[in-house]
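Single-structure report; data block below.
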2 protein chains.
Amino acid sequence: MPVGASPDLLKKLDELVYVRRRLKSGTILYHTGSHFHALFAVKSGFVKTENLHDDGRVQISGFYMAGEIFGFDGIATDEHMCTSVALEDSEICIIPLDRIEHIGHELEQLQHHFYKLMSREIVRDHTIMMLLGSMHGEERLAAFMLNLSQRFQLRGYSPYNLVLRMKREEIGSYLGMKVETVSRIFSKFQEQGLLEVHQKNIRILNIEGLRKLIGQHPSK
Amino acid sequence: MPVGASPDLLKKLDELVYVRRRLKSGTILYHTGSHFHALFAVKSGFVKTENLHDDGRVQISGFYMAGEIFGFDGIATDEHMCTSVALEDSEICIIPLDRIEHIGHELEQLQHHFYKLMSREIVRDHTIMMLLGSMHGEERLAAFMLNLSQRFQLRGYSPYNLVLRMKREEIGSYLGMKVETVSRIFSKFQEQGLLEVHQKNIRILNIEGLRKLIGQHPSK
DNA sequence: CGGCATCTTGAGTTGGGTCAATGGTCGTGG
DNA sequence: CCACGACCATTGACCCAACTCAAGATGCCG
């Protein structure tokens, strides 16, 4: 699920960075319809991207943490097709696409790296589609926690003590369920000794238990 | 939702095509884990891509018709992350990625075209996520029919008389619901005079009605 | 300390799943 | 040309996971 970048690539990215920018929590970086001019790399903090439907429904399509890149949605039509919002005070790097394409022209490997990044985003999306299309609530939340845990570890944080940056409602939107359901499942996981939940602080007590949960009800 | 290519691009693609290949209905073109070596353009016919979970669950992640390109899932790790299957006798073109990258090196516009194609796939996936995460069965099927209609039109077929190439079960897998539910909703749409359903032949009688259906139950 | 947002929990409802039976359609072989 | 069998689609009856509505609980910030 994570869309990350190797340290190697990150070094090269430094040459691409146009500006760094600080975002207050809640800041909208771009929204649906705004002109695409660059990709964004999360330097620190947490960002969500969400798709808004006319009738007011919202679907969160991604959460991005330090080291991850987002904004690929804007390349197709030169207009962003979703909205990105900082979930906490964050710092992001702005990477104009034409610069990638230009430097990629000289540095064939960089071009390939960017194809890989986009492909990874596609694979990640397919994972979410699998989750939304064929898993039960408990499996979805378990998969989500495991994914976060893995990404935290990748970024040098503990894979067991997570601090969620999003609220329950946002988790629900991402996983295709209502706040109440998210809350109930958290409680259930706690009763089962899988997690310890204190607000946004989650401690994973039984990671194997979470793993085994997925694929338990191969019904749906 | 569609991932297509402009006629302009298609012309350039001709230079990239390595081989054409005929596929019998049911042929697997690549499967999860197989080595990635090329992208594929549908010349004629119909192809699906599906993600398989260990426990046997299947999630169809895309349907591709003439003029559309698939296989981007393999770029991330040089291994395909899903399985592609021909839904009817089809003809496809094989486009090695290194050739794209090479020619793209000379022809900057081509490189940009490919970024656009991948971005379009990402945007399409987000649409499906929205559908799976926040729509009811009826809305999903309505959105699916409208999307197919639009793609048929784009390829020069009637947008009203559709011949489905996939079975109900596959529609269900794509839309995150069971065969029976797909069938029930088709029947309901027919009763309401929105569609005329004869097996895989669907006639759209009231396209506006279908559109209005989406966003009707902004609940979920 | 008060006010507001977020989170949790309970009770009742329902959309869509499960299971089971029936009905069509098509391809094959007698 | 018709009969058989395999596969696919439809329909009905029943059930359950997740939704809705409503009430509290908890935590955060001025």
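Every chain is numbered from 1, with letters handed out A, B, ... down the list of sequences.
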*Separation of B/Met177 atom CE from D/dA18 atom C1', in whole Å?*
17 Å
*Should B/Ile92 and B/Lys43 count as side-chain neighbours, where that means a heavy-atom distance under 4.5 Å?*
no
*Base of C/dG16 paired with side chain of B/Arg140 (donor-acceptor, under 3.5 Å)*: no
*Starting from P on C/dT14, measure out to NE2 on B/His136 and report it in whole angstrom.*
12 Å
*Kindly say whether, by distance alone, the side chain of A/Glu180 makes a donor-acceptor pair under 3.5 Å with the base of D/dC21?*
yes
*asked:* Expressed as a whole number of angstroms, how long is the span from B/Lys188:NZ to D/dG12:P?
replied: 14 Å
*Is any side-chain heavy atom of B/Ile214 less than 4.5 Å from a side-chain heavy atom of B/Leu146?*
yes
*Contact nearer the 5' end of DNA chain C, comparing B/Ile185 with A/Val182*: A/Val182
*Report yes or no: is there a donor-acceptor pair, N or O only, under 3.5 Å between the side chain of A/Arg184 and the base of C/dG10?*
yes
*Figure out the NZ/P separation between B/Lys178 and D/dA13, and round it to whole Å.*
22 Å
*Hey, does A/Lys200 reach any base, or is it just sugar-phosphate, or nothing, if we go heavy atoms under 4.0 Å?*
sugar-phosphate
*Taking C-beta and beyond as the side chain, do B/Tyr30 and B/Phe40 meet within less than 4.5 Å on heavy atoms?*
yes
*CG of B/Asn201 versus C1' of D/dA9: gap in Å, rounded?*
14 Å
*Spell out, as yes or no, whether a donor-acceptor pair under 3.5 Å connects the side chain of B/Ser187 to the backbone of B/Ser183.*
yes
*Round to a whole Å and report the spacing from CZ of B/Phe186 to P of C/dG16.*
15 Å
*Do any N or O atoms from the side chain of A/Arg140 and from the backbone of A/Leu175 form a donor-acceptor pair under 3.5 angstrom?*
yes
*asked:* In whole Å, I'd like the distance from the NE2 atom of B/His198 to the C1' atom of D/dC8.
replied: 16 Å
*Considering heavy-atom distances to DNA chain D, does B/Val197 or A/Thr181 have its closest nucleotide positioned more toward the 5' end?*
B/Val197
*asked:* OP1 or OP2 of D/dC8 versus the side-chain N and O atoms of B/Lys167: is any pair under 4.0 Å?
replied: yes
*Taking atom P of C/dT18 as reference, at what distance in whole Å does atom CD of B/Glu169 sit?*
12 Å
_Using a 4.0 Å heavy-atom cut-off, does A/Ser187 contact any base of the nucleic acid, only the sugar-phosphate backbone, or nothing at all?_
sugar-phosphate
